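Here the structure is laid out as structure tokens; the discussion comes afterwards.
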Amino acid sequence: MMRTRPLKVALLGCGTVGSEVARIMTTHAEDLAARIGAPVELAGVAVRRPDRVREGIDPALVTTDAAALARRADVDVVVEVIGGIEPARALITSAFENGASVVTANKALLAEDGPTLHEAAEKHGADLYYEAAVAAAIPLVRPLRESLAGDKVNRVLGIVNGTTNFILDRMDSSGTGYGEALDEATALGYAEADPTADVEGFDAAAKAAILAGIAFHTRVRLDDVHREGLTEVSAADIASAKRMGCTVKLLAICERSADGRSVTARVHPAMIPLSHPLSNVREAYNAVFVESDAAGQLMFYGPGAGGAPTASAVLGDLVAACRNKLNGGRGPGESSYAQLPVSPMGEVVTRYHISLDVADKPGVLAQVATVFAEHGVSIDTVRQQGKDGDAWLVVVTHRAADAALSATVEALRKLDTVRGVASIMRVEGE
């Protein structure tokens with residue numbers, strides 16, 4: 001039998017995502033009530049600009065006092081889609097203190113202070129759901145912390161930022177430079193006016209921290225994630241990747257060490273073979289590979305941004321939180337029992353593609369090969385090209401530690417025959 005008294009929802013933020021959440025709650029009200037076992041209704045909508053017309057939202061529900069709305073005694077679930085660290089953290093904490101569960105899409109806050117939020121939710125017997133914080137409509141959080149709870153996850157590898165994937169896809173498909181591709185992404189609405197969070201990898205790093213924490217049952221903060229953006233990726237890098245049968249993607253990589261005693265989390269551009277499924281992820285789409293002992297390889301693919309896709313994930317969490325409220329239960333909380341150390345980037349082992357500007361004279365290749373050998377970095381292939389005094393060496397290594405590769409590059413820079421290191425890129429997905 002369906003309960004007639006509605007569960008009340010406070011919506012903090014009514015931008016692109018928040019307005020879609022409100023719309024779906026209204027247009028799908030009957031279906032949501034049937035799935036939950038009770039009707040749900042908006043108790044209020046907190047905004048910064050109350051005079052703006054918001055289609056489908058009763059103006060009487062609109063308030064600028066988000067703090068008062070978050071701590072209302074009659075609110076069952078608070079949906080936070082404001083973003084940022086403050087006031088979001090204070091609002092979420094206040095909601096927990098007043099017994100409300102929280103659904104959030106706030107990746108930055110979760111990566112910065114997720115453990116504190118989980119502890120507050122646990123203390124007050126509330127739920128904290130955040131599926132929308134990682135890849136919008138793509139289900140990743142729930143499969144990792146529920147469906148794969150009985151398995152051992154070893155690696156999470158994926159494209160988790162649509163803006164950067166669009167830029168790199170355009171550079172690959174049309175041969176344009178980074179600046180032109182960014183301008184196109186901005187014109188189409190994929191890139192913000194200030195694209196720093198996307199192109200410098202901050203957005204992807206926050207998501208990597210969340211995914212690593214869930215996958216490895218270990219607290220991983222944003223500061224633990226090695227981060228490199230794509231602003232230094234050139235058309236020449238894209239062309240080199242093509243010659244190797246690869247393409248370039250900005251990847252989030254979270255993996256358990258070979259001995260299982262530590263984990264790493266990193267975000268950086270990498271060459272991946274065209275045979276790898278991630279190479280075919282185009283435009284602003286996201287895709288993530290999860291590798292585990294029992295399940296093997298799983299791939300999750302779909303739109304990783306946008307109002308409607310993100311709202312879809314928010315509503316899924318809202319249904320779960322409301323069901324728990326109705327039945328007196330709780331969803332899964334934080335699992336950090338493993339407490340594995342996060343290894344520094346210097347210990348990460350992978351392959352590398354290095355392009356060197358060298359003098360066009362005999363003996364250069366031998367000198368370069370000697371430096372690699374002295375630092376314990378094995379060479380897989382070398383390609384030499386150039387004429388009229390200009391020459392390039394393109395070296396692809398076997399797997400080597402990042403620290404060893406860095407020492408190798410520093411030694412190469414000291415050679416009189418090496419004019420410069422044009423680019424260094426990791427090779428993944430093999």
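Everything numeric here is computed off the predicted structure, so don't read it as measured data.
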After noting the C-alpha distance and the side-chain angles of Thr163 and Glu192, does the key distance pass the side chain to side chain contact (heavy atoms under 4.5 Å, CB included) rule? CA-CA 9 Å; Thr163 301; Glu192 301 289 343; over 6 Å; no
Test side chain to side chain donor-acceptor pair (under 3.5 Å) on Ser240 and Asp237 and set out the steps. CA-CA 5 Å; Ser240 291; Asp237 293 325; 5.5 Å; no
Under the side chain to side chain contact (heavy atoms under 4.5 Å, CB included) rule, what do Trp392 and Val358 come out as? Steps first, then yes or no, please. CA-CA 6 Å; Trp392 294 86; Val358 299; over 6 Å; no
Criterion side chain to side chain contact (heavy atoms under 4.5 Å, CB included) on Leu144 and Val153, from CA distance to verdict: CA-CA 8 Å; Leu144 281 173; Val153 176; 4.2 Å; yes
Please determine whether side chain to side chain contact (heavy atoms under 4.5 Å, CB included) holds for the pair Leu251 and Leu278, giving the CA-CA distance in whole Å, both sets of side-chain angles, and the decisive distance to 0.1 Å. CA-CA 10 Å; Leu251 298 179; Leu278 288 179; 4.3 Å; yes
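One finds no salt bridge joining Arg219 and Asp224 here, because no Lys/Arg side-chain nitrogen approaches an Asp/Glu carboxylate oxygen to under 4.0 Å. A salt bridge is defined here as a Lys NZ or Arg NE, NH1 or NH2 lying under 4.0 Å from an Asp or Glu carboxylate O, and Lys123 with Glu97 fails to meet this definition. Taking the charged nitrogens against the carboxylate oxygens, Asp317 and Arg142 do have a contact shorter than 4.0 Å, which makes a salt bridge. Salt-bridge check for Glu122 with Arg330: passed, with a basic side-chain N closer than 4.0 Å to an acidic carboxylate O.
With contacts defined as side-chain heavy-atom distances shorter than 4.5 Å, the pair Leu318/Met25 qualifies. Using a 4.5 Å heavy-atom cutoff, the side chains of Leu250 and Ile159 are not in contact. Counting heavy atoms from C-beta on, the side chains of Val248 and Asp172 never come closer than 4.5 Å. Arg256 has its side chain within reach of Phe216: a pair of non-hydrogen atoms, C-beta onward, lies under 4.5 Å apart. Contact check for Pro277 versus Phe289: side-chain heavy atoms found under the 4.5 Å cut-off. Looking at His276 and Lys249, their side chains never come closer than 4.5 Å, going by heavy atoms from C-beta outward. Contact check for Val77 versus Leu7: no side-chain heavy atoms found under the 4.5 Å cut-off. Residues Glu184 and Thr176 have side chains not in contact (no heavy-atom distance under 4.5 Å, counting atoms from C-beta outward).
Here the straight-line distance linking atom CG of Leu405 with atom NE2 of His375 works out to 10.5 Å at 0.5 Å rounding. One distance of note links NE2 of His398 with OG1 of Thr381; it measures 8.5 Å at 0.5 Å rounding. For the atom pair CD1 of Ile82 and CZ of Arg48, the computed distance is 8.5 Å after rounding to the nearest 0.5 Å. Within the model, atoms CD of Gln367 and CG of Leu393 stand 10.5 Å from one another, a figure rounded to the nearest 0.5 Å. Put simply, CZ on Arg145 and CD on Glu131 are 8.5 Å apart, with the number rounded to the nearest 0.5 Å. Distance check: Ile36 CD1 to Cys322 SG gives 4.0 Å after rounding to the nearest 0.5 Å.
Of all the heavy atoms in Leu12 and Ala66, the pair that sits closest is CD2-O, 4.1 Å. Closest heavy-atom contact between Ala100 and Phe96: O-CD2, 3.5 Å. Nearest approach of Ala366 to Thr370, heavy atoms of both residues: O-OG1, 2.8 Å. Taking both residues in full, the closest heavy atoms of Val427 and Thr350 are given as O-OG1, 3.1 Å, listed atom of the first, atom of the second, then distance. Contact detail for Ala22 and Leu11: the closest heavy-atom pair is CB-CD2, 4.1 Å. When all heavy atoms of Asn161 and Asp203 are compared, the closest pair comes out as ND2-OD2, 2.9 Å.
Summarising the local packing, CD of Glu86 is surrounded by more than 12 heavy atoms from other residues, nucleotides or ligands at distances under 6.0 Å. The 12-atom threshold is not exceeded at OH of Tyr285, counting heavy atoms of other residues, nucleotides or ligands nearer than 6.0 Å. Crowding of Arg261 atom CZ: a count of heavy atoms from other residues, nucleotides or ligands under 6.0 Å not exceeding 12. Other residues, nucleotides and ligands contribute only 12 or fewer heavy atoms inside 6.0 Å of the CG atom of Asp416. More than 12 heavy atoms of other residues, nucleotides or ligands sit less than 6.0 Å from atom CD of Glu119.
For residues 132-141, no pair satisfies side chain to side chain donor-acceptor pair (under 3.5 Å), with sequence neighbours left out. Applying the salt bridge (charged side-chain N to carboxylate O under 4.0 Å, His left out) test to residues at least two apart or on different chains, the pairs with a partner in residues 267-284 are Asp169-Arg282, Arg170-Glu283.
Between Tyr130 and His118, the distance separating the two ring centers is shorter than 6.0 angstrom.
A tilted orientation is assigned to the rings of Phe166 and Tyr190, their planes being inclined by 30° to 60°.
Counting only N and O atoms by type, the side chains of Thr310 and Glu20 include no donor and acceptor under 3.5 Å apart. For Asn286 and Asn165, the side-chain atoms include no donor-acceptor pair closer than 3.5 Å.
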